[in-house]
Number of protein chains: 2
Amino acid sequence: MSSPIKPSQKLSPYPDNITITEVAAEAQVSISAVSRAFNPTGSCAPKTRAKVFAAAEKLGYKPNRLARGLKSNSSLIGILMTDFENPAYLSILSDLTSAIQAHNCHSLLINVGPQKSVTEAVELIMEYHVDGLIVTSSSLPDELISACQRRNTPVVIFGHHSRNAPATIVSCDNVAGGRMAADILLDAGYTRPAFVGATTSVSTTTDRQRGFITRLIERGCTEWTTTEGNRHSYDSGYEATCKLFASTDKPDSIFYLDDIMACGGMDAIRYEFGLKVPEDVGVIGVDDIRLAASRAYDLTTIRQPFTDMVNTAVTALFEQIKDTSIEPKNFTLPCTLVTRGSTRAIPTQAE
Amino acid sequence: MSSPIKPSQKLSPYPDNITITEVAAEAQVSISAVSRAFNPTGSCAPKTRAKVFAAAEKLGYKPNRLARGLKSNSSLIGILMTDFENPAYLSILSDLTSAIQAHNCHSLLINVGPQKSVTEAVELIMEYHVDGLIVTSSSLPDELISACQRRNTPVVIFGHHSRNAPATIVSCDNVAGGRMAADILLDAGYTRPAFVGATTSVSTTTDRQRGFITRLIERGCTEWTTTEGNRHSYDSGYEATCKLFASTDKPDSIFYLDDIMACGGMDAIRYEFGLKVPEDVGVIGVDDIRLAASRAYDLTTIRQPFTDMVNTAVTALFEQIKDTSIEPKNFTLPCTLVTRGSTRAIPTQAE
DNA sequence: CTGAAAGCGCTTACAG
DNA sequence: CTGAAAGCGCTTACAG
């Protein structure tokens with residue numbers, strides 16, 4: 001309110017609305033030069049760049065990413081997320097955001113809740129002209145993926161197989177995971193295995209189930225059953241397990257679609273039916289969430305290499321952002337068996 | 001590749017780069033009219049608006065939020081998050097994002113990892129000219145908050161008390177929560193309570209500890225101890241508990257800073273020391289995460305009203321965005337005791 | 001209520 | 001390597 005600030009004495013303690021124009025004036029160059037100085041691809045004499053940086057530093061200049069995004073990249077990566085119940089997604093989100101930030105971009109997180117369709121979500125996210133899109137815990141209609149590609153916005157589907165989709169897919173080998181689960185259960189001497197899936201997640205459920213059942217049959221096991229929970233949640237696993245044990249042919253071991261369902265299931269087995277894990281019922285999950293290693297659950301599980309999967313996804317995404325001619329690829333990472341106390345020890349075999 | 005598309009036959013199957021200009025041409029009005037039609041505050045004749053909407057619909061027009069944000073609001077809300085270990089934050093994030101989306105805005109999620117300071121994170125987020133900022137699981141230096149306010153970017157601190165900070169604070173009454181915990185433990189007949197906090201989270205730790213200890217003293221309890229875990233995690237609770245029971249004066253009940261630490265602690269009590277919960281050791285946490293209600297943990301806890309807290313935070317934030325003259329307020333919501341099986345039943349008192 | 005015009009802050013051919 | 005100029009897609013006083 002005192003005297004108007006003269007252009008010469010810009011020493012405000014906090015960066016306010018310093019734009020490229022002020023920096024150009026301070027450095028005594030054109031605004032084009034400032035822009036190029038800040039842009040790695042822009043040709044700029046070292047001296048000029050130094051002058052510009054000094055001026056920017058002095059004034060506390062921060063580029064306006066919105067303005068930049070108007071002609072250039074927005075530096076925004078959209079993350080579509082459906083499942084906020086499986087704790088695995090918290091660490092996935094942590095890894096995703098930090099990997100994206102390492103590329104000097106930021107994450108626009110869209111909650112694709114039950115009231116919002118994935119199509120709407122994509123439309124919304126495209127209003128921000130994101131540079132790329134990562135879809136977790138659900139898939140995307142092929143036509144939507146194509147529409148994104150047509151706009152040169154690469155799409156990565158995380159965690160789902162989605163064969164033939166025109167996008168980069170990063171998932172782990174769920175069929176092999178299912179087979180591993182079958183082997184460990186059979187090896188441990190269980191004879192009546194069950195599979196508990198979920199309705200919401202098509203490809204992961206079907207792949208794991210397929211690998212599991214196929215392998216059971218290969219090994220001559222005939223007494224298997226399957227059932228489905230509604231969602232990827234503790235409650236869902238609990239309820240599905242109650243249904244399973246209410247029927248006449250009760251299983252002696254259960255392969256759950258994921259760890260959080262397995263935890264719910266294990267609690268049902270122990271507290272609802274008074275059975276012992278692993279003696280009466282063997283339990284195995286998928287993911288290897290933090291809780292799986294807890295003493296309370298001590299869950300045998302098929303570990304998904306989430307950190308690797310995230311790095312693969314983000315690396316592939318940025319490669320496609322850099323060079324839009326790169327064809328989408330499929331990455332199927334191996335999963336590994338983590339043996340803990342929820343399955344019986346495998347008897348030593350005399351070869 | 002056939003013939004160039006004439007402006008008259010715009011019937012492409014998917015919206016591509018249709019801008020306000022195309023819509024204006026189609027609707028035969030000026031671009032100003034289109035802009036006003038889409039802006040609630042813009043005066044526009046109903047007929048004009050109808051024409052514009054019809055044209056927009058026909059062409060599949062979607063506004064470019066980046067361009068809009070250059071002169072107007074960005075519709076972007078920044079969310080700063082530090083803690084990706086406590087599962088409570090997954091549902092908080094779910095609630096936050098959907099509340100923000102209900103306001104037709106979207107969430108820019110910044111992972112304030114250990115390698116990135118909160119100051120850097122704020123600077124980054126401000127490059128996107130977010131309309132508002134929500135800080136979870138950590139606080140913000142007052143000078144940074146002031147810098148944001150000076151740019152008319154309101155800040156809401158979620159979950160921390162942070163007295164005197166020039167921002168809106170939404171938290172629950174942690175002191176009262178600590179007192180409740182003391183009361184339930186003493187009422188149940190425990191005599192040597194301990195408090196397990198965490199170093200990372202100043203105000204919540206100190207408030208809960210203060211309420212807890214103050215109340216213990218008020219009621220004449222003298223044999224209490226305190227210790228600290230490093231982080232808000234299962235492992236941290238486990239380790240802190242091991243330390244506690246390695247010392248000479250072992251507690252007979254423990255109040256943990258949060259549920260996930262309590263779960264780790266309970267597992268240590270049971271599996272590391274072979275003690276019974278609640279007979280030998282009573283356990284109480286804070287949050288009421290999903291896992292607290294599991295059969296395995298069945299954890300007595302001080303419930304934080306997260307959904308209410310999120311709604312309060314988002315509502316307050318948008319009020320301040322709408323009217324920047326509104327002063328920041330403090331909202332302290334009540335927490336409630338949820339009694340489960342990890343504490344002994346309270347003996348019926350003959351008044 | 002409406003349109004022409006200026007402007008938001010930056011990028012990017014285009015000459016030099 | 002550099003600057004002047006046009007433009008990204010939208011908003012917003014300003015006249016009418």
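Predicted, not measured: the structure shown is a model, and the values here were computed from it. Computed from heavy atoms alone, side chains included, the values below leave out hydrogens, waters and symmetry copies. Naming: A, B, ... by sequence-line order, numbering from 1 per chain.
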### Residue A/K71, side-chain heavy atoms: nucleotide from C/dC1, D/dT12, C/dT11 that is nearest
C/dT11

### Task
Return the minimal non-hydrogen interatomic distance between B/N86 and A/L90, and the atom names on each side.
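What the structure gives for the nearest pair is O-CD2, 3.4 Å.
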
#### Entry: Derivation and outcome, side-chain contact (heavy atoms from CB on, under 4.5 Å), residues A/L133 and A/I125
CA-CA 9 Å; A/L133 192 53; A/I125 220 165; 3.7 Å; yes

### Query
Hey, does A/I31 reach any base, or is it just sugar-phosphate, or nothing, if we go heavy atoms under 4.0 Å?
base

### Separation of atom CD1 in A/I20 from atom P in C/dC10, rounded to whole Å
5 Å

### Task
Give the ring-plane orientation class for A/Y128 versus B/H106, where under 30° counts as parallel, over 60° as perpendicular and anything between as tilted.
perpendicular

### Task
Determine whether any donor atom in the side chain of B/R36 lies under 3.5 Å from an acceptor atom in the base of C/dG3, or the reverse, and answer yes or no.
yes

### Distance in angstrom units between B/N64 CG and D/dG9 P, rounded
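Result: 7 Å.
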
### Query
B/N39 has an atom CG; how far is it from atom P of D/dT12, in whole Å?
6 Å

### Phosphate OP1/OP2 of D/dC1 contacted by A/S43 side-chain N/O (<4.0 Å)
yes

#### Entry: Closest to side chain of A/V29, choosing from D/dC8, C/dC8, D/dG3
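So the nucleotide nearest the side chain must be D/dG3.
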
### Message
Rounded to whole Å, how long is the line connecting atom CG of A/N73 with atom C1' of C/dT12?
### Response
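So the two atoms are 14 Å apart, to the nearest Å.
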
### Query
Under 4.0 Å between a side-chain N or O of B/Y128 and OP1 or OP2 of C/dG9?
no

### Query
Once you round it to whole Å, what is the distance between P of D/dG3 and NZ of A/K51?
8 Å

### Task
May I have the distance from A/H129 (atom NE2) to C/dT11 (atom C1'), rounded to whole angstrom?
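Taking atom C1' of C/dT11 as the reference, NE2 of A/H129 is at 16 Å.
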
### Of the listed nucleotides D/dG9, D/dT12, D/dT2, the one nearest the side chain of A/A45
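Selected nucleotide (nearest to the side chain): D/dT2.
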
### Query
Do B/E127 side-chain atoms and B/L124 backbone N/O form a donor-acceptor pair below 3.5 Å?
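Not at all, since once roles are kept as given, no pair shorter than 3.5 Å links the two residues.
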
### Message
A quick test of your reading: do over 12 heavy atoms of other residues, nucleotides or ligands sit less than 6.0 Å from CD of B/Q28?
### Response
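No, not enclosed.
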
### Message
Does a side-chain N or O of A/S35 approach OP1 or OP2 of C/dT11 to a distance below 4.0 Å, or not?
### Response
yes

### Query
Under 3.5 Å, side chain of B/D131 to main-chain N/O of B/N73, donor-acceptor pair present?
no

### Summary
Writing each nucleotide of DNA chain D 5' to 3' as (, ), [, ], | or . by Watson-Crick or G-U pairing under 3.5 Å yields |||.||||||||.|||

### Task
Rounded off to whole Å, could you give me the CG-to-C1' distance for the B/L59 and D/dG9 pair?
15 Å

### Nearest-Å distance for atom pair CD/P, residues A/E127 and D/dG9
15 Å

### Task
Please work out if A/T19 contacts a base, only the sugar-phosphate, or nothing of the nucleic acid, heavy-atom cut-off 4.0 Å.
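Counting heavy atoms under 4.0 Å across all strands, the contact made by A/T19 is with sugar-phosphate only.
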
### Task
With DNA chain C as reference, determine whether A/A67 or A/T41 sits nearer its 5' end, using the nearest nucleotide of each.
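Final value for this comparison: A/A67.
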
### Query
With side chains defined as the heavy atoms from C-beta onward, is the minimum distance between A/I18 and A/K62 less than 4.5 Å?
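In short, these two side chains do not touch, never coming nearer than 4.5 Å.
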
### Message
Would you say the rings of A/Y89 and A/F158 are close, in the sense that their centroids are separated by under 6.0 Å?
### Response
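Centroid distance A/F158-A/Y89: not below 6.0 Å, so no.
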
